[in-house]
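This report refers to the structure that appears directly beneath it.
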Amino acid sequence: MLPAQHRLRERADFAAAIRGPGGARSGSRLVVVHASQTDTRAGLPPRVGLVVSKAVGNAVVRNRTKRRLRAAMAGRLRGIPMGTDLVIRANPAAAQATFAELEAVLDQLIPRVTARLATGGGGR
RNA sequence: UGAGUCGGCCAGACGGUCGCGGCGGCGGGCACCCGCCGACGAGGAACGUCCGGGCUCCACAGGGCAAGGUGGUGGCUAACGGCCACCCGGGGCGACCCGCGGGACAGUGCCACAGAGAUCAGACCGCCGGUCUUGCGAGACCGGUAAGGGUGAAACGGUGGUGUAAGAGACCACCAGCGGCCUGGGUGACCAGGCCGGCUAGGUAAACCCCACCCGGAGCAAGCUCAGACAGUGUGCGUUCGAGGGCGGCCCGCCCGAGCACACGGGUAGAGCGCUCGAGGCUGUCGGCAACGGCAGCCCUAGAUGGAUGGCCGUCGCUCCCGCGGCAGCAAUGCUGCGGGAGAACAGAACCCGGCGUACCGGCCGACUCAUCCA
């Protein structure tokens with residue numbers, strides 16, 4: 001688990017990051033990254049939430065996938081702007097990916113969504 | 001040594017590094033939070049949610065019906081559809097294994113195809129007797145017959161005899177099976193033996209049904225406490241002659257009872273408790289064939305809530321494959337050394353226990369059976 005201040009835990013926050021106004025999204029074969037920024041959280045630490053559905057695998061596979069994504073994100077929190085909420089959604093292919101592959105795809109996708117937020121825009 | 005049966009256990013190990021959860025301690029601080037240290041932190045099935053309980057709420061959890069479940073006997077247990085022992089039936093040379101194992105003389109239904117006939121059965125062929133015809137080979141009609149053939153999963157006991165025109169439990173002996181009685185053994189299911197009877201009875205209850213026994217309902221989003229939010233309006237019924245409610249159905253009884261139902265509109269779903277000390281685990285001992293129980297000592301062993309118990313790296317061990325060697329052997333093959341490669345299952349607590357069922361790479365230990373060899 002991530003430190004408590006970096007955890008996204010309310011259902012409403014998940015919905016806002018995935019579907020809310022002013023959100024950005026970028027995806028690949030392994031994962032999809034959603035991001036949003038709201039004025040009420042300006043200056044607060046970034047938060048991350050994970051979505052791993054049953055399509056990914058059984059409980060053991062889902063747990064392992066979440067733990068790897070969580071471990072990969074723990075070292076990348078510094079690179080995320082203050083006040084940003086991120087939701088990482090795992091695709092079924094993520095279950096077979098190695099840790100290095102997951103790290104590579106996150107390094108590619110996270111700068112892309114945060115840049116889209118900065119340009120004021122909902123890059124869909 | 002080979003083949004096999006049963007039972008139990010394990011579920012890679014160690015180290016480094018970066019993290020997480022609740023708990024305890026210390027400090028900053030004392031609203032809330034942060035830092036450091038310490039021990040602890042998934043399974044044999046945590047799984048499926050198929051049974052049984054505890055616990056919580058429904059006033060008590062009452063009677064009957066319906067529905068549902070269970071089904072050899074005795075025991076164990078909080079309880080069970082579980083477990084143990086035994087009985088009966090079946091399989092195996094054996095260790096042992098398998099059985100949804102009450103009732104088909106309470107009633108109803110069904111039994112395809114084949115076959116002449118399928119449950120108050122049935123004369124197709126055959127066998128026997130009589131009458132008639134005759135070309136003396138036989139044929140037709142009437143009657144008797146269930147011993148033989150043929151069909152079928154199943155054809156109204158089996159073998160031998162008496163008997164007869166031919167036959168038949170028509171009669172007799174023995175055997176099988178059925179019913180009744182008696183004696184002995186066992187708590188019992190049942191077993192052993194004797195006598196008598198009528199001579200013979202199909203299967204299916206996982207079809208309806210009958211019998212005996214069990215069962216109130218809902219579930220931790222149970223339930224309790226606190227905090228917070230909003231906004232009511234209209235219609236109908238009713239206040240001991242009573243609406244409505246009592247958590248899946250119906251009736252009776254009992255209880256609560258001043259609000260309830262419907263339509264439109266509005267709001268909330270946050271925190272804490274429940275939440276882990278329990279039919280608890282381990283060891284020893286006693287009783288019991290055993291399941292299990294009694295006693296004594298020691299131990300405390302996950303409690304998350306977008307959901308912790310992990311991510312990454314290294315070393316060693318295990319299994320399999322390939323290559324090159326060594327030893328034993330006629331050979332198949334077995335053991336072993338080095339190098340390279342691959343693999344490591346099924347699966348993740350969510351109130352807690354007792355079971356069942358299902359999934360699973362492999363490894364270890366013990367008891368026993370059969371065959372062969374040696375002594």
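Every chain is numbered from 1, with letters handed out A, B, ... down the list of sequences.
- The separation of B/A155 from B/A118, taken at their P atoms, amounts to 15 Å, rounded to a whole angstrom.
- Judged by atom type and distance alone, A/Arg67 does not reach the base of B/G19 through any side-chain donor-acceptor pair under 3.5 Å.
- A/Arg62 places its CZ atom 13 Å from the P atom of B/A347, with the value rounded to the nearest Å.
- Under a 3.5 Å cut-off, the side chain of A/His6 and the backbone N or O of A/Pro46 do form a donor-acceptor pair.
- With a cut-off of 3.5 Å on both Watson-Crick or G-U wobble distances, the partner of B/A269 is given as none.
- Atoms NZ (A/Lys66) and P (B/C20) sit 18 Å apart, rounded to a whole Å.
- Between A/Arg64 and B/G311 there is no side-chain N or O to OP1 or OP2 distance below 4.0 Å.
- Nucleotides B/G22 and B/G62 are separated by 48 Å at their C1' atoms, to the nearest Å.
- A/Val32 and A/Val105 are not part of a single hydrophobic cluster, where members link through side-chain heavy atoms under 4.5 Å apart.
- For B/U301, the glycosidic angle deviates from 0 by 90° or less, giving a syn base.
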query: Passes side-chain contact (heavy atoms from CB on, under 4.5 Å), A/Ile80 versus A/Met73? Steps please.
result: CA-CA 10 Å; A/Ile80 300 170; A/Met73 287 310 297; 3.9 Å; yes

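- Using a 4.0 Å cutoff on non-hydrogen atoms, the parts of residues 92-104 of chain A near RNA chain B are A/Phe99, ordered by number.
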Margin query: As a quick check of understanding, evaluate side-chain contact (heavy atoms from CB on, under 4.5 Å) for A/Leu50 and A/Arg89, giving each step before the final call.
Written below: CA-CA 6 Å; A/Leu50 298 171; A/Arg89 209 178 62 207; over 6 Å; no

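- Taking atom C1' on both B/C335 and B/G311, the two are 43 Å apart, rounded to the nearest angstrom.
- For the contact set between residues 51-59 of chain A and RNA chain B, defined by any heavy atom under 4.0 Å, the members are A/Val51, A/Asn58, A/Ala59.
- For the C1' atom pair drawn from B/C37 and B/C300, the interatomic distance equals 23 Å after rounding to whole Å.
- Nucleotide B/A42 is shown with a syn base, its glycosidic torsion being within 90° of 0.
- For the P atom pair drawn from B/G169 and B/C136, the interatomic distance equals 43 Å after rounding to whole Å.
- If you take CZ of A/Arg70 and C1' of B/A308, they are 8 Å apart, rounded to a whole angstrom.
- B/A166 and B/G143 have their C1' atoms separated by 13 Å, given to the nearest Å.
- Considering CD of A/Gln96 and CD of A/Glu101, their distance stands at 10.5 Å, rounded to 0.5 Å.
- Side-chain N or O atoms of A/Asn91 include one that pairs as donor or acceptor with a backbone N or O of A/Ser28 at under 3.5 Å.
- Of the residues near RNA chain B, A/Ala71 and A/Asn63, the one whose nearest nucleotide (by heavy atom distance) lies more toward the 5' end is A/Ala71.
- The separation of B/C57 from B/U225, taken at their C1' atoms, amounts to 16 Å, rounded to a whole angstrom.
- In this structure B/G325 sits in a base pair with B/U336, meeting the Watson-Crick or G-U test at under 3.5 Å.
- Atom-to-atom distance recorded for A/Ile88:CD1 and A/Leu30:CG is 12.0 Å, nearest 0.5 angstrom.
- Pair assignment for B/G314: B/C14, on the basis of Watson-Crick or G-U wobble contacts that are both within less than 3.5 Å.
- Base pairing of B/A221 is not made with any nucleotide, judged by Watson-Crick or G-U wobble geometry with both donor-acceptor distances under 3.5 Å.
- Base pairing annotation: B/C9 forms a Watson-Crick or G-U wobble pair with B/G363, both donor-acceptor distances under 3.5 Å.
- Taking the C1' atom of each, B/A291 and B/C273 are spaced 41 Å apart, rounded to whole Å.
- Follow the hydrophobic side-chain contacts under 4.5 Å out from A/Val52 and you never reach A/Leu106; the two are in separate clusters.
- In this structure, A/Leu50 atom CG and B/A304 atom P are separated by 20 Å, rounded to whole Å.
- Under the 90° criterion around 0 for the glycosidic angle, B/G167 counts as anti.
- Base pairing annotation: B/C346 forms a Watson-Crick or G-U wobble pair with B/G43, both donor-acceptor distances under 3.5 Å.
- Syn is the conformation of B/G137, whose glycosidic angle sits no further than 90° from 0.
- B/G169: glycosidic angle within 90° of 0, hence syn.
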Item to complete: Begin with the C-alpha distance, continue with both residues' side-chain angles, and end with the deciding distance and a verdict on side-chain contact (heavy atoms from CB on, under 4.5 Å) for A/Arg25 and A/Arg116.
Response: CA-CA 9 Å; A/Arg25 185 182 71 176; A/Arg116 283 180 190 170; 5.6 Å; no

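- At a threshold of 4.5 Å between non-hydrogen side-chain atoms, the residues A/Val87 and A/Val33 do not count as touching.
- Remark: A/Arg76 is not in phosphate contact with B/C18, judged by side-chain N or O atoms under 4.0 Å from OP1 or OP2.
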request  = Evaluate the criterion side-chain contact (heavy atoms from CB on, under 4.5 Å) for residue pair A/Arg47 and A/Leu86; output intermediate values, then yes/no.
outcome  = CA-CA 6 Å; A/Arg47 298 186 299 179; A/Leu86 246 52; over 6 Å; no

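- Nucleotide B/G306 has no partner under the Watson-Crick or G-U criteria, as no pair reaches both atom distances under 3.5 Å.
- Nucleotide B/C237 forms a Watson-Crick or G-U wobble pair with B/G259, both donor-acceptor distances falling under 3.5 Å.
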Identify each donor-acceptor pair in which a side-chain atom of residues 60-68 of chain A lies under 3.5 Å from a protein atom, sequence neighbours left out, and give them as a table.
{"unit_1": "A/Arg62", "atom_1": "NH1", "unit_2": "A/Gly57", "atom_2": "O", "d": "2.9"}
{"unit_1": "A/Thr65", "atom_1": "OG1", "unit_2": "A/Val61", "atom_2": "O", "d": "2.8"}
{"unit_1": "A/Arg68", "atom_1": "NH1", "unit_2": "A/Ala97", "atom_2": "O", "d": "3.3"}

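- One atom, CG of A/Leu77, and another, C1' of B/G19, lie 12 Å apart when rounded to the nearest Å.
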